[in-house]
Amino acid sequence: MLERLQPDRLHSAAELMRGGLTRRALESFVDGGRLIRVRRGVFAAPGLPPDLLASARVGGPATCATALRALGAWTWPDDRLHVALPRGAHRTGPASPSTRIHWRRRDADRMCLVVEPARAILDLIACHGPVAGAAAADSLLRSRPGFAIDLEELRLLAPASAKTVLARVDGVCESGIETVLWHRLTEMRLPVQRQVVIDGVGRVDFLVGDRLVIEVDGRSHHLGAEFESDRDRDAELGRRGRRVLRFSYLQIMTRLDQVEAAVRAAVRRRDHR
């Protein structure tokens, strides 16, 4: 019976007993680490990620940024525990002050560990806005081709304020911060292309007009070989008549207006022509 435990779901004591286990066997498996007691009468396979175990103990599946991290998607920086619960339900376990409950109008499947991707993104939009949702959707579209079906559902269910942004989701940007910047550049109505291959240099993140290259450094970017390689690329781009603007993760995530001002200044100088 234990071999048939589903790693993405919880299992009730009644279900396990129907499969042939006795209450004494359940207690023995919990004591021996072969089962995790999540809450009263509910169990899970061992090895459950801490965030998913914590949300299950609160009483519902993970959603928003918590769920998207578990799904391997890029998500907005948010260390809170996000849990989905049906309206009127009671928490079954303790919730820390940093726990965010997303109340549902209809019953959520409380035996699931993670909500559906589209639902998680809708909750992310509620917490952090449409661009955060679009960046997560772009990430899932790149890593999970089947997400295209969920994306259609997401666009239908999204609030009116998010529909235009979600309509641009196409999986072309290669990181969440690229998606964030892409949406800002689009709102600026600039002649911008993404993932452009330049002879002698390779692919660049953005090309505005014919000459202005914009590159984005990821969160883990640091001094070393990668840093030096990027500077070599910048020098080669300059030698070939291109102007390069390079922005960091923190600049895009915390000072996006400053980034926009730098791009606008470059355009005013006609660096893109």
Side-chain angles (χ1 to χ4, degrees), residues 3-11 15 44-56 60-78 81-86 100 102 104-183 186 193-195 203 205 216 218-220:
E3 290 73 18
R4 296 198 297 272
L5 291 180
Q6 299 177 49
D8 59 344
R9 290 190 62 82
L10 303 175
H11 299 269
E15 175 189 355
L48 199 60
D51 278 355
L52 301 190
L53 177 58
S55 63
T63 188
C64 194
T66 306
L68 291 164
R69 280 194 299 270
L71 293 169
W74 185 93
T75 187
W76 206 261
D78 184 339
L81 181 69
H82 294 262
V83 185
L85 286 176
R100 166 80 158 86
H102 294 261
R104 293 281 188 264
R105 291 183 180 177
R106 61 180 185 176
D107 284 349
D109 184 352
R110 301 179 78 178
M111 300 303 280
C112 275
L113 290 169
V114 178
V115 301
E116 303 93 335
R119 297 286 174 178
I121 292 174
L122 287 172
D123 286 336
L124 187 72
I125 290 171
C127 281
H128 296 290
V131 172
D138 253 336
S139 173
L140 283 173
L141 194 58
R142 286 192 307 275
S143 62
R144 298 178 174 215
F147 178 69
I149 297 172
D150 299 270
L151 180 58
E152 292 305 313
E153 178 189 10
L154 173 62
R155 287 167 171 161
L156 286 172
L157 297 176
S161 60
K163 289 187 183 296
T164 299
V165 172
L166 291 174
R168 300 183 196 132
V169 172
D170 56 13
V172 172
C173 291
E174 294 192 338
S175 70
I177 52 172
E178 284 183 32
T179 300
V180 172
L181 182 55
W182 158 245
H183 285 283
T186 300
Q193 302 174 68
R194 295 167 290 166
Q195 301 302 317
R203 188 164 51 187
D205 295 333
V216 175
R219 189 172 191 171
S220 61

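Values in this document were obtained by computation on a predicted structure and should not be read as measured data.
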Can you tell me how far apart [atom1] ([X]) and [atom2] ([Y]) are? Round to the nearest 0.5 Å.
X	Y	atom1	atom2	result
Leu48	Leu10	CG	CG	7.5 Å
Ser175	Asp205	OG	CG	7.0 Å
Leu124	Thr75	CG	OG1	4.5 Å
Leu140	Leu71	CG	CG	6.5 Å

Tell me, please, which residues at least two apart from [X] pass salt bridge (charged side-chain N to carboxylate O under 4.0 Å, His left out).
X	result
Asp51	Arg69
Arg155	Glu152
Arg194	Asp170
Arg119	none

For the residue pair [X] and [Y], establish whether any side-chain heavy-atom pair is separated by less than 4.5 Å.
X	Y	result
His82	Cys127	yes
Trp74	Val180	yes
Arg100	Cys64	no
Val165	Ile125	no
Asp8	Val114	no

**Item:** By side chain to side chain contact (heavy atoms under 4.5 Å, CB included) - contacts of Glu174 (at least two apart)
**Value:**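 Side chain to side chain contact (heavy atoms under 4.5 Å, CB included) list for Glu174, sorted by chain: Glu178, Gln195, Arg203.
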
Looking at [Y], is its backbone amide N or carbonyl O close enough to the side chain of [X] to form a donor-acceptor pair, meaning the two atoms are under 3.5 Å apart?
X	Y	result
Asp123	Thr63	no
His11	Gln6	yes
Ser55	Val83	no

**Message:** Please list all pairs meeting side-chain hydrogen bond (donor to acceptor under 3.5 Å, both in side chains) that have one or both residues in residues 132-151, counting only residues at least two apart or in different chains.
**Reply:**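 Applying side-chain hydrogen bond (donor to acceptor under 3.5 Å, both in side chains) to every pair that reaches into residues 132-151, excluding sequence neighbours, yields Asp138-Thr179.
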
Which heavy atom of [X] sits nearest a heavy atom of [Y], and at what distance?
X	Y	result
Lys163	Ala158	NZ-O, 3.2 Å
Pro130	Ser161	CG-O, 3.8 Å
Ile121	Phe147	CD1-CZ, 3.6 Å
Ala62	Leu52	CB-CD2, 3.6 Å
Gly133	Leu166	C-CD2, 4.3 Å

**Request:** Taking atom types as modelled, find out whether Asp78 and His128 have a side-chain donor-acceptor pair closer than 3.5 angstrom.
**Result:**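 Present: a donor and an acceptor within the cut-off.
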
**Message:** For the CD1 atom on Ile149, are there more than 12 heavy atoms of other groups (residues, nucleotides or ligands in this structure) within a distance under 6.0 Å?
**Reply:**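 Counting neighbours around CD1 of Ile149, 12 or fewer heavy atoms of other residues, nucleotides or ligands fall under 6.0 Å, so no.
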
